[in-house]
Participant: 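Pasting in a structure now, in structure tokens, and then I'll have a few things to ask.
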Amino acid sequence: MRLNKLRALAFGAASIGAMVLGSATASAVELPCTTAKLVVPWGAGGGTSVIFGIFEKAIEQSDAPVKVKVVTIPGQGGGKGAKEAHAAAPDGCTLFAIHQHLVVNYINGVTDFSWDGFEPVAMLTDTPEIIGAGGHVPYNDLSGMLAAAKDKPGEIPTGVSMGATSHFLWIMLGAKTGTDYAYVPFQGGTAGRITGLLNGSIDLGGINMAAARTQRGDGKLKAFAIAADERSPLIPDVPTLKELGVDMNYSLTRGVMLPKGTPKEIVDYWAEVFKAPTEDQGFVDEQAAKGTAVVYLGPEEYAEWWKGTETEFLDAAKALKVGRFQ
């Protein structure tokens with residue numbers, strides 16, 4: 001889904017938020033805990049744990065009667081934490097931090113459930129991927145990169161976490177552009193791939209906003225395009241894929257879920273709790289400093305977003321015979 005559409009949905013959700021969520025005020029729901037566990041299915045210090053750590057701090061400082069505590073459960077590309085959250089009691093005391101990894105886990109057979117194995121609570125942030133390269137490559141823009149990929153199909157070393165969202169970035173780009181790449185498994189997420197780009201062990205890989213802002217001036221990294229609707233004000237010289245003729249957006253769009261069967265009043269309660277920080281400019285600025293935008297959607301809108309997003313991933317997997325569709 002395009003980011004401007006997300007913003008339109010977010011505006012609509014905000015306009016009715018007082019009516020929908022006002023009936024589920026903090027005092028209207030009593031939970032059997034004073035601190036809920038927020039399962040982040042990746043290691044401490046990674047992008048997702050950092051982003052949700054900012055939410056944890058904001059909720060701790062709020063008047064919400066139940067606070068949250070980030071608990072990292074890495075393993076299986078996010079699958080281990082997903083399974084634990086999926087099996088938790090639907091009492092509002094276990095939340096799950098999610099992005100598109102769960103659809104990828106399902107496609108790859110890591111889990112036998114997808115996003116609809118949970119109750120959507122809220123979309124919270126959007127972090128577009130950036131198509132990056134090492135400074136050593138001879139091409140300087142996306143058209144040069146695609147030409148090289150077509151000249152040597154399946155040969156350009158490209159860093160990914162196999163079977164994860166970073167892998168699907170290039171699978172979907174390949175499906176859109178008629179290109180293929182030589183995937184090189186990298187541990188350590190984006191940081192590992194950036195190291196590989198800097199030392200020349202790979203040519204291509206997705207990079208984060210921090211690297212795109214600080215490590216291009218010395219020529220050690222290149223950024224060819226951002227997979228978003230609009231250019232980022234943080235790197236305004238980097239064009240969007242759409243500007244360059246590739247009709248594709250690709251972001252890590254993070255949100256929170258609850259176990260399936262959680263009562264609606266509890267879902268609405270947590271939606272309200274997580275919405276509050278997103279309306280604070282200082283909080284928005286703090287997330288922006290980490291390279292992510294705050295985009296809020298409530299439970300119903302978030303579910304609709306997931307339906308469309310899952311379809312895009314499943315269509316790509318079926319077309320390219322990936323995972324369970326081989």
Side-chain angles (χ1 to χ4, degrees), residues 26 29-106 110-125 127 161 164-165 187-192 252-263 266-278 283 286-287 290 292 294 296 299 302 306:
V29 176
E30 292 187 6
L31 302 182
C33 56
T34 57
T35 301
K37 179 168 65 175
L38 175 56
V39 175
V40 170
W42 298 278
T48 302
S49 67
V50 169
I51 285 169
F52 280 100
I54 298 172
F55 274 96
E56 177 188 311
K57 181 179 69 174
I59 294 170
E60 177 66 32
Q61 295 171 351
S62 75
D63 60 359
V66 179
K67 310 304 183 184
V68 298
K69 178 65 178 177
V70 169
V71 177
T72 56
I73 305 177
Q76 302 175 3
K80 184 176 180 180
K83 292 171 184 176
E84 180 163 327
H86 184 258
D91 59 4
C93 291
T94 301
L95 295 141
F96 181 49
I98 187 175
H99 59 53
Q100 292 92 326
H101 77 97
L102 193 56
V103 176
V104 175
N105 285 163
Y106 172 73
V110 176
T111 62
D112 59 4
F113 54 87
S114 186
W115 70 272
D116 52 359
F118 293 89
E119 301 289 349
V121 174
M123 175 191 289
L124 299 171
T125 69
T127 311
S161 296
T165 52
Q187 299 299 318
T190 307
L252 287 185
T253 306
R254 295 174 173 92
V256 287
M257 300 280 204
L258 284 162
K260 197 71 173 178
T262 302
I266 296 178
V267 172
D268 288 345
Y269 163 77
W270 280 117
E272 183 180 11
V273 168
F274 277 91
K275 183 181 182 182
T278 69
F283 177 89
E286 188 173 2
Q287 293 286 12
K290 303 299 181 184
T292 195
V294 172
Y296 180 89
Y302 193 28
W306 267 113

Participant: Got a sec, which residues hit salt bridge (Lys or Arg N to Asp or Glu O under 4.0 Å) with E84, two or more places apart in sequence or on another chain?
Facilitator: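 Partners of E84 by the salt bridge (Lys or Arg N to Asp or Glu O under 4.0 Å) criterion, ordered by chain and then number, come out as K37.
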Participant: Working to the nearest 0.5 angstrom, can you tell me the gap between E56 CD and T35 OG1?
Facilitator: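 The distance works out to 9.0 Å.
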Participant: Measuring from atom CZ of F52 to atom CZ of F274, what distance do you get when rounded to the nearest 0.5 angstrom?
Facilitator: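 Interatomic distance, F52 CZ to F274 CZ, rounded to 0.5 Å: 7.0 Å.
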Participant: Once rounded to the nearest 0.5 Å, what's the spacing between atom CZ of F118 and atom CE of M257?
Facilitator: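 Going from CZ on F118 over to CE on M257, the span is 7.5 Å.
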Participant: Evaluate the side chain to side chain contact (heavy atoms under 4.5 Å, CB included) criterion for residues V294 and T292: first the C-alpha distance (whole Å), next the side-chain angles of each, then the deciding distance (0.1 Å), finally the verdict.
Facilitator: CA-CA 7 Å; V294 172; T292 195; 5.8 Å; no
Participant: Looking at V110, is its backbone amide N or carbonyl O close enough to the side chain of Q76 to form a donor-acceptor pair, meaning the two atoms are under 3.5 Å apart?
Facilitator: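 Answer holds: no.
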Participant: Hey, does the side chain of S49 reach the backbone of G45 with a donor-acceptor pair shorter than 3.5 angstrom?
Facilitator: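 A pair under 3.5 Å: yes.
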Participant: Please check if the side chain of Y296 supplies one atom and the backbone of A271 the other of a donor-acceptor pair under 3.5 Å.
Facilitator: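 A pair under 3.5 Å: yes.
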Participant: Could you walk me through whether T253 and M123 pass the side chain to side chain contact (heavy atoms under 4.5 Å, CB included) check?
Facilitator: CA-CA 7 Å; T253 306; M123 175 191 289; 3.4 Å; yes
Participant: Please report the interatomic distance CG(L124) to NZ(K275), rounded to the nearest 0.5 Å.
Facilitator: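 It is 12.0 Å, given to the nearest 0.5 Å.
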Participant: Using 0.5 Å steps for rounding, measure from the CD1 atom of I98 to the CZ atom of R254.
Facilitator: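 Separation between the atoms: 12.0 Å.
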Participant: Run the ring-centre check on F283 versus F55 and record whether the distance is less than 6.0 Å.
Facilitator: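 Distance test on ring centres: under 6.0 Å, yes.
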Participant: What pairs with Y106 under ring-ring contact (aromatic ring centres under 6.0 Å, His included), at least two apart in sequence or on another chain?
Facilitator: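 Y106: no ring-ring contact (aromatic ring centres under 6.0 Å, His included) contacts found.
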Participant: Starting from the C-alpha separation in whole Å, work towards a yes-or-no answer on side chain to side chain contact (heavy atoms under 4.5 Å, CB included) for L31 and W270.
Facilitator: CA-CA 11 Å; L31 302 182; W270 280 117; 3.7 Å; yes
Participant: Is it true that a side-chain atom of T111 and a backbone atom of F113 form a donor plus acceptor pair closer than 3.5 Å?
Facilitator: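 Checking the backbone N and O of F113 against the side chain of T111, a donor-acceptor pair under 3.5 Å is found.
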Participant: Is it true that a side-chain atom of K260 and a backbone atom of A87 form a donor plus acceptor pair closer than 3.5 Å?
Facilitator: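 Side chain of K260 to backbone of A87, a donor-acceptor pair under 3.5 Å: no, none is there.
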Participant: Give, for atom SG of C93 and atom CD1 of I266, the distance between the pair rounded to the nearest 0.5 Å.
Facilitator: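 Result: 8.0 Å between the selected atoms.
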Participant: Would Y269 and V121 satisfy side chain to side chain contact (heavy atoms under 4.5 Å, CB included), going step by step from the backbone distance to the final call?
Facilitator: CA-CA 9 Å; Y269 163 77; V121 174; over 6 Å; no
Participant: Hey, is NZ on K69 packed in by over 12 heavy atoms from elsewhere, all under 6.0 Å?
Facilitator: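 Check fails, neighbour count at 12 or below.
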Participant: Below 4.5 Å, heavy atoms only, C-beta onward: do L95 and V39 meet side chain to side chain?
Facilitator: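 A side-chain contact is absent here, since even the closest heavy-atom pair is not under 4.5 Å.
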Participant: Donor-acceptor pair, distance only, cut-off 3.5 Å: does the side chain of K67 make one with the backbone of S62?
Facilitator: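 Yes, K67 side chain to S62 backbone: donor-acceptor pair under 3.5 Å.
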Participant: Any chance the rings of H99 and W42 have centres within less than 6.0 Å?
Facilitator: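 When the ring centroids of H99 and W42 are compared, they turn out to be within the sub-6.0 Å range.
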